[in-house]
**Student:** 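Following this message is one structure expressed as structure tokens.
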Amino acid sequence: MSKSDSSKKKIQAIRGMNDLLPDRSALWQYFEGKVQALTQRYGYAEIRTPIVEQTALFARSIGEVTDIVEKEMYTFEDRNGDSLTLRPEGTASCVRAAMEHGLLHNQTQRLWYQGPMFRHERPQKGRYRQFHQVGVEAFGLEGPDIDAEVILLSARLWRELGLSDHVTLELNSLGSSEARAAYRDKLVAYFEQHRDQLDEDSLRRLTSNPLRILDSKNPDMAPMLADAPKLMDHLDDASREHFEGLTALLQAAGIDYVINPRLVRGLDYYGRTVFEWTTTALGSQGTVCAGGRYDGLVEQLGGKPTPAVGFAMGIERLVLLLETLELVPDAALGELDLYVLPMDDVATTQAMLLAERIRSELPELRLQLHCGGGSFKSRIKKADRSGARLALLLGEDELDAGRATLKFLREEREQMSLDQGALIDTLASMTTSDERA
RNA sequence: GUGGAUGUAGCUCAGUGGUAGAGCCCCGGAUUGUGGCUCCGGUGGUCGUGGGUUCGAUCCCCAUCAUCCACCCCA
């Protein structure tokens, strides 16, 4: 080995950007499958947008002074000198695409998306620089019924995943932008009066995002925060009515919720309804799904005034939660049904042809064909380690007789010698009855 | 961006100022076409990376990278 060889540095993944390895991919597919089926059942159509957009899109939608825009975006110049950004969230792109293609012209839209998002944050469990979200957005509907619908959609997902007992719905209303601005002034005035009790972070937020001070985890500030003016007490009448409409619908639908007057979203475009689904099972990254109403965003991006509501959920966090709580059914993990095993090299061709025939006749069956030769002993060991429930053995005796041997790898049961003609029916009966059980 | 902890085989981890071990995994064997249990043998590590101290460092010091936890932020 020369020195130049040893000086080669191993290339590794970018910090905070993870590979999804084969032992976990079935879990993601399970989750994604549930989402796909669910959105379809609610009449939401998928939209796919590029992961790169003009930087201005995010600056104008998320808000110039938010942490996301100020210090967390992956922004770079392309070869033309244009400023581009890897999307830090999905709503802005979704709105841009919907407007650009006339999807919001005199019509309502129910859309969903899924994909990677990018934020340059310090990685932590449940928080990564490339992370994945599923988002749901509804446009052109202003009543609280659509707010309730998207919440019901998310609640059904938790039910189907077995998560209902592990997540809590928190609700709040931010009111109209005018009411919020007036409230913000009152709040700042209150904090100014108690400036001595504010910690360093809160002093910084006093000018950037004073509403977020309410959400502080510092116990020393709790008494002072408890006496602060309440957003709920400063709502405009229309927003109050909207919020009451929403809570009435949720009650009618049997959805439990907690009103959290300190709940504030980090993105500027939210107004009126905001909500979060949280869990205590994930440590400090407990928000698993969050969203709300953003009636002003379309107009802000140059479109006609269009009411809108939506949410995004973090796939890493939800998958982590499913793993932590051991809520993934074995059937979702994609184990093999059948391992087709030529007992020696002479049987290779016949085994391959038989495997192909089975795949044609039984498309649902998960079948792996032994490749790579080896002694019979090592072959059958591999059949065992493959995890398959059944093995189909083909050797000299079987080939001569036009038969195959079906062996049960996971149960105390005599192996069967089957005529190759009857094989398909036997396999079919065995795998379907097993799945129903 | 701030504070703290950690980094030895694919995985989980021992260990010592004189260049390393266990268990699991993987491969082979224990009579001919039957795996799982047991037994035997074997592959595999520049001790995260780069400097420094030292006769000599995996061990001490510094830096760096990565992971984890909390803050910040947020899904």
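Values in this document were obtained by computation on a predicted structure and should not be read as measured data. Throughout, protein chains are lettered first and strands after them, A, B, ... in sequence-line order, and every chain is numbered starting at 1.
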**Student:** Using the P atom on both, measure rU6(B) against rC61(B) and round to a whole Å.
**Tutor:**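 It works out to 12 Å between them.
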
**Student:** Just the rounded figure in Å: distance from C1' of rG36(B) to NZ of Lys382(A).
**Tutor:**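 So the two atoms are 16 Å apart, to the nearest Å.
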
**Student:** Looking at His166(A) versus Trp158(A), is the centre-to-centre ring distance below 6.0 Å?
**Tutor:**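 Here the rings of Trp158(A) and His166(A) have centres that are no less than 6.0 Å from each other.
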
**Student:** How do His120(A) and Ala13(A) order along RNA chain B: which one's closest nucleotide is nearer the 5' end?
**Tutor:**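 Comparing both residues, the 5'-ward one is His120(A).
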
**Student:** Any sub-3.5 Å donor-acceptor pair from Asn260(A)'s side-chain atoms to Glu170(A)'s backbone N or O?
**Tutor:**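 No; zero donor-acceptor contacts below 3.5 Å.
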
**Student:** Rounding to the closest angstrom, what is the interatomic distance between rA14(B) and rG7(B) at atom C1'?
**Tutor:**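 The answer is 15 Å between these two C1' atoms.
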
**Student:** According to the Watson-Crick and G-U wobble definitions, with both distances under 3.5 Å, which nucleotide is paired to rU67(B)?
**Tutor:**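 Answer to the pairing question: rA5(B), which forms a Watson-Crick or G-U pair with rU67(B).
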
**Student:** Under 3.5 Å, is there a donor on one side chain and an acceptor on the other for Ser417(A) and Arg403(A)?
**Tutor:**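 There is such a pair between these side chains.
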
**Student:** Expressed in whole Å, how much space separates the P atoms belonging to rU8(B) and rC60(B)?
**Tutor:**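 Between the two P atoms, the distance is 15 Å.
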
**Student:** Let's test your reading of the model: under 3.5 Å, does the base of rG33(B) pair with the side chain of Glu398(A) as donor and acceptor?
**Tutor:**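 Yes, a donor-acceptor pair under 3.5 Å.
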
**Student:** Which whole number of Å gives the distance between the C1' atom of rG15(B) and that of rG21(B)?
**Tutor:**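 About 7 Å, rounded to a whole number of Å.
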
**Student:** Could you state the atom-to-atom distance from CG of Leu263(A) to P of rC74(B) in whole Å?
**Tutor:**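 After rounding, the reported distance stands at 12 Å.
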
**Student:** Taking the inter-plane angle between the rings of His234(A) and Tyr183(A) on a 0 to 90° scale, is it parallel (under 30°), tilted (30 to 60°) or perpendicular (over 60°)?
**Tutor:**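 If you compare the ring of His234(A) with that of Tyr183(A), the planes turn out tilted.
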
**Student:** Check the distance between rU34(B)'s C1' and Ile380(A)'s CD1 and give it to me in whole angstrom.
**Tutor:**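 In whole Å, rU34(B) C1' lies 4 Å from Ile380(A) CD1.
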
**Student:** Quiz question: going by heavy-atom distance under 3.5 Å, is there a donor-acceptor pair between the base of rG33(B) and the side chain of Arg379(A)?
**Tutor:**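 Answer no: no donor N or O sits under 3.5 Å from an acceptor.
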
**Student:** So, is Arg204(A) near the phosphate of rC72(B), with a side-chain N or O under 4.0 Å from OP1 or OP2?
**Tutor:**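 Negative; the distance criterion is not met.
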
**Student:** NA contact type, Gly286(A), heavy-atom cut-off 4.0 Å: base, sugar-phosphate, or nothing?
**Tutor:**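 Nothing, no nucleic acid heavy atom in range.
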
**Student:** Would you classify Gly135(A) as touching base, sugar-phosphate or nothing, given that sugar-phosphate means primed atoms plus P, OP1 and OP2, and contacts are heavy atoms under 4.0 Å?
**Tutor:**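 No contact.
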
**Student:** Which is true for Lys407(A) with a 4.0 Å heavy-atom rule: it touches a base, it touches only sugar-phosphate, or it touches nothing?
**Tutor:**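 Base: the residue Lys407(A), judged by heavy atoms under 4.0 Å, touches a nucleobase.
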
**Student:** Find the distance Leu203(A):CG to rC72(B):P and express it as a whole number of Å.
**Tutor:**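 From Leu203(A) CG to rC72(B) P: 14 Å.
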
**Student:** When you measure from the side-chain N and O atoms of Ser284(A) to the phosphate of rA70(B), is any distance below 4.0 Å, counting only OP1 and OP2?
**Tutor:**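 Checking rA70(B) against Ser284(A), a side-chain N or O does come within under 4.0 Å of OP1 or OP2.
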
**Student:** Expressed in whole Å, how much space separates the C1' atoms belonging to rG52(B) and rA57(B)?
**Tutor:**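 Result for the C1' pair: 11 Å, nearest Å.
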
**Student:** Can you tell me the base-pairing partner of rU43(B)? Count Watson-Crick or G-U wobble geometry only, both distances below 3.5 Å, and say none if there is no partner.
**Tutor:**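 None - no nucleotide pairs with rU43(B), as no candidate has both distances under 3.5 Å.
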
**Student:** What I want to check is whether an N or O donor and acceptor connect the side chain of Arg122(A) with the base of rU2(B) at under 3.5 Å.
**Tutor:**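 Result: at least one qualifying N/O pair found.
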
**Student:** Please determine whether a side-chain nitrogen or oxygen atom of Arg119(A) lies at a distance below 4.0 Å from atom OP1 or OP2 of rC73(B).
**Tutor:**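 Negative; the distance criterion is not met.
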
**Student:** Whether the Arg119(A) and Tyr128(A) side chains hold a donor-acceptor pair (N or O, under 3.5 Å, no angle test) is what I'd like checked.
**Tutor:**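 No.
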
**Student:** If you look at every strand shown and take non-hydrogen atoms under 4.0 Å, does Ser378(A) touch a base, only sugar-phosphate, or nothing?
**Tutor:**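 Sugar-phosphate, no base atom in range.
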
**Student:** Does rG33(B) have its OP1 or OP2 closer than 4.0 Å to a side-chain nitrogen or oxygen of Thr405(A)?
**Tutor:**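 False: Thr405(A) side-chain N/O out of range (4.0 Å or more) of rG33(B) OP1/OP2.
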
**Student:** Using whole Å, what does the distance between atom P of nucleotide rG33(B) and atom CG of Asp400(A) come to?
**Tutor:**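 So the CG-P distance, Asp400(A) to rG33(B), works out to 15 Å.
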
**Student:** Could you check whether Ala383(A) gets within reach of a base, just the sugar-phosphate, or nothing at all, counting any heavy atom under 4.0 Å?
**Tutor:**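 No contact.
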
**Student:** Is it the case that rC74(B) (base atoms only) and Arg317(A) (side chain only) share a donor and an acceptor within less than 3.5 Å, ignoring hydrogens and angles?
**Tutor:**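 Pair found.
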
**Student:** For rG35(B), does either OP1 or OP2 sit under 4.0 Å from a side-chain N or O belonging to Arg410(A)?
**Tutor:**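 For Arg410(A), the contact criterion (side-chain N or O under 4.0 Å from OP1 or OP2 of rG35(B)) is not met.
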
**Student:** Give me the distance, rounded to whole Å, that separates rC26(B) from rA63(B) when you measure between the C1' atoms they each carry.
**Tutor:**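 Looking at atom C1' only, rC26(B) and rA63(B) are 38 Å apart.
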
**Student:** Hey, does the side chain of Arg385(A) come within less than 4.0 Å of rC25(B)'s phosphate (OP1/OP2), counting only N and O?
**Tutor:**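 False: Arg385(A) side-chain N/O out of range (4.0 Å or more) of rC25(B) OP1/OP2.
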
**Student:** Would you mind telling me which of rU67(B), rC69(B), rA66(B) lies closest to the side-chain atoms of Lys125(A)?
**Tutor:**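 Shortest atom-to-atom distance from the side chain points to rC69(B).
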
**Student:** Considering only heavy atoms and no angle criterion, is a donor-acceptor pair shorter than 3.5 Å present between the side chain of Arg127(A) and the base of rC73(B)?
**Tutor:**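 Check passes, donor-acceptor contact within cut-off.
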
**Student:** Using the closest heavy atom to pick a nucleotide of RNA chain B for each, name whichever of Arg212(A) or Met17(A) lands nearer the 5' end.
**Tutor:**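 Result of the comparison: Met17(A).
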
**Student:** Considering only atom P, compute the distance from rG23(B) to rU43(B) and round it to an integer number of Å.
**Tutor:**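 Per the computed distance, 15 Å lies between those P atoms.
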
**Student:** Does rC71(B) have its OP1 or OP2 closer than 4.0 Å to a side-chain nitrogen or oxygen of Lys217(A)?
**Tutor:**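 Looking at the OP1 and OP2 atoms of rC71(B), one of them is under 4.0 Å from a side-chain N or O of Lys217(A).
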
**Student:** Mind checking if Glu72(A) touches a base, just sugar-phosphate, or nothing, with heavy atoms under 4.0 Å?
**Tutor:**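 Here Glu72(A) touches the backbone only, sparing every base.
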
**Student:** At 4.0 Å (heavy atoms only), tell me whether Tyr339(A) reaches a base, stays on the sugar-phosphate, or touches nothing.
**Tutor:**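 Result for Tyr339(A) = nothing.
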
**Student:** Using distance alone, with no hydrogens and no angle criterion, decide if Thr91(A) and Glu137(A) have a side-chain donor and acceptor under 3.5 Å apart.
**Tutor:**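 Indeed, the side chains of Thr91(A) and Glu137(A) share at least one donor-acceptor pair under 3.5 Å.
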
**Student:** Taking Arg262(A) for the side chain and Lys230(A) for the main chain, is one N or O donor matched with an acceptor at less than 3.5 Å?
**Tutor:**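 Side chain of Arg262(A) to backbone of Lys230(A): no pair is present.
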
**Student:** Please classify the nucleic acid contact of Leu393(A) as base, sugar-phosphate, or nothing, using heavy-atom distances under 4.0 Å.
**Tutor:**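 Base contact.
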
**Student:** Check the phosphate of rA70(B) against Gln124(A), side-chain N and O only, distance under 4.0 Å to OP1 or OP2. Yes or no?
**Tutor:**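 Checking Gln124(A) against rA70(B): at least one side-chain N or O falls below 4.0 Å of OP1 or OP2.
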
**Student:** Is Asp344(A) touching bases, backbone alone, or none of the nucleic acid, heavy atoms closer than 4.0 Å?
**Tutor:**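 Nothing, no heavy atom under 4.0 Å.
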
**Student:** Does Glu316(A) use its side chain to pair, donor to acceptor, with the backbone of His132(A) at less than 3.5 Å?
**Tutor:**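 Judged by distance alone, yes, a pair lies under 3.5 Å.
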
**Student:** Under 4.0 Å between a side-chain N or O of Arg129(A) and OP1 or OP2 of rA66(B)?
**Tutor:**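 It does not, given that no N or O in the side chain of Arg129(A) lies less than 4.0 Å from OP1 or OP2 of rA66(B).
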
**Student:** Rounding to an integer number of Å, can you tell me how far Phe58(A) CZ sits from rC74(B) C1'?
**Tutor:**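 Whole-Å distance recorded here is 16 Å.
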
**Student:** What integer number of Å spans the C1' atoms of rA66(B) and rU53(B)?
**Tutor:**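 Here rA66(B) and rU53(B) have their C1' atoms 26 Å from each other.
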
**Student:** Please confirm whether the backbone N or O of Leu263(A) pairs with a side-chain atom of Asn172(A), one donor and one acceptor, at under 3.5 Å?
**Tutor:**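 Flag set: sc Asn172(A) to bb Leu263(A) pair under 3.5 Å.
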
